[in-house]
Amino acid sequence: MVALPSLRGLQAFEAAARSGSFAAAAEELSISAAAVSQLIRTVEEQMGRKLFHRVNRRVLLTEAGVEMLPRLTMAFQEIGRVARDVGGDAFRPRLVISVPPSMAMGWLSERLAGFVASHGAADISLRGEDDPVPFDHEMVDIRLSYGRHYREHPTEEIARDAVYPVCAPSLAGAAKPETLAGLPLIHTDWGPTGAAFPSWRNWLEAGGIAPGRSAQRGLSANSSRAALDLAMSGLGVALAQGIYCARALEDGRLVRPVARALELRQPYCLTIPERSARRDVVAAFREWLIAECVRAVRSPALGA
């Protein structure tokens, strides 16, 4: 049998090289950064090759390390697939998902069963939280945000959305663009640390309608989900993001009393740390989540 370097050492090297940090590798492997360093030194001694240049507390891959990394990553991914195929639930991948609170309360939780059915079981931690999120401290694998918040991690724009006036069917008959301000209005305020949510004043002025004092009155909620629930309860007309209200419009729980929409100022973005980007379960969830978001914001129920 061919003598192999320490498999634990190879795993430490692959995690450190992929994440670009001994500290991140230590978090991933649940050991100390010093242990990661020692494991890698052992592999270097066994192979007779330096895999990292260590310069002023930084580590850079050598040519040998660059050559090894993609092949080791593929090898460990295949080992993981074999373990899951044979071991079943004992080797389910772990996935830490972070989304805004309104998305965790209903939108994503209602859809996760679809991901599990199509991609297999995983140990999923769903976190509903506001920006900024502690990626490394909580080992977050993927974050969906409204707007770009994270310069230190790869971030991509995935969808553009708008807000739409929505209400229960029982209120729709009395609603016209010129009289909408006279109906009970539901306001959304994301608070002093959040982005500015489009107001009823913004929506009316965009249509050339003088808001009047009534545009300031009515119920107020500090989350998009709560505002949507108030609208479905028949308590007024809310401005709701398409991504949240599309399904309720499709099944008739909500209607659009007037057609005009107001585009949001920022896009929805996905942020995935480099330490997570190569993991199969993260790549699969990214593709699935993008498809779900795009499907929602492009729902025929949101057409002009």
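On a predicted model such as this, the values are computed, not experimentally measured, just so you know. These values consider heavy atoms only, across backbone and side chains, with no hydrogens, waters or symmetry-generated copies.
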Asks: Given side chain to side chain contact (heavy atoms under 4.5 Å, CB included), test L254 with M232 step by step and report yes or no.
Replies: CA-CA 6 Å; L254 289 172; M232 284 190 286; 3.5 Å; yes
Asks: State, without any angle test, whether S98 and R143 hold a side-chain donor-acceptor pair at a distance under 3.5 Å.
Replies: yes
Asks: If the test is side chain to side chain donor-acceptor pair (under 3.5 Å), which one of R279, R278, E14 qualifies with T73?
Replies: E14
Asks: Run through L108, L126, I97 and flag the one making a side-chain contact (heavy atoms from CB on, under 4.5 Å) with M103.
Replies: L108
Asks: Atom CG in L7, atom CG in L72: separation rounded to 0.5 Å?
Replies: 9.5 Å
Asks: In terms of side-chain geometry, is the basic nitrogen of R253 or E250 positioned less than 4.0 Å from the acidic oxygen of its partner?
Replies: no
Asks: Between E205 and R201, does at least one N-O distance fall below 4.0 Å, as a salt bridge requires?
Replies: yes
Asks: Is it true that the side chains of S19 and E274 contain a donor and an acceptor less than 3.5 Å apart?
Replies: no
Asks: Does the pair Q11 and R8 meet the rule for a side-chain hydrogen bond (donor to acceptor under 3.5 Å, both in side chains), with working shown?
Replies: CA-CA 5 Å; Q11 187 181 28; R8 186 63 166 164; 2.7 Å; yes
Asks: Go through the steps for V237 and V166 under the test side chain to side chain contact (heavy atoms under 4.5 Å, CB included), then give the verdict.
Replies: CA-CA 6 Å; V237 186; V166 296; 6.0 Å; no
Asks: Using the rule given for side chain to side chain contact (heavy atoms under 4.5 Å, CB included), can you reason through R286 versus I142, listing the C-alpha separation, both sets of side-chain angles and the distance that settles it, and then say yes or no?
Replies: CA-CA 8 Å; R286 170 191 169 276; I142 188 165; 4.0 Å; yes
Asks: On the 0 to 90° scale, with breaks at 30° and 60°, tag the Y150-F135 ring pair as parallel, tilted or perpendicular.
Replies: perpendicular
Asks: Any luck finding a side-chain donor-acceptor pair between S145 and D131 under 3.5 Å?
Replies: yes
Asks: Between F115 and H119, how do the two ring planes meet: parallel, tilted or perpendicular, split at 30° and 60°?
Replies: parallel
Asks: Between R225 and D229 (salt bridge meaning N to carboxylate O under 4.0 Å), is one present in this structure?
Replies: yes
Asks: Within 45° of the six-membered ring axis of W107 and under 6.0 Å from that ring's centre, is NZ or CZ of R111 located there?
Replies: yes
Asks: Salt bridge check: are E44 and R41 linked by an N-O gap of less than 4.0 Å?
Replies: no
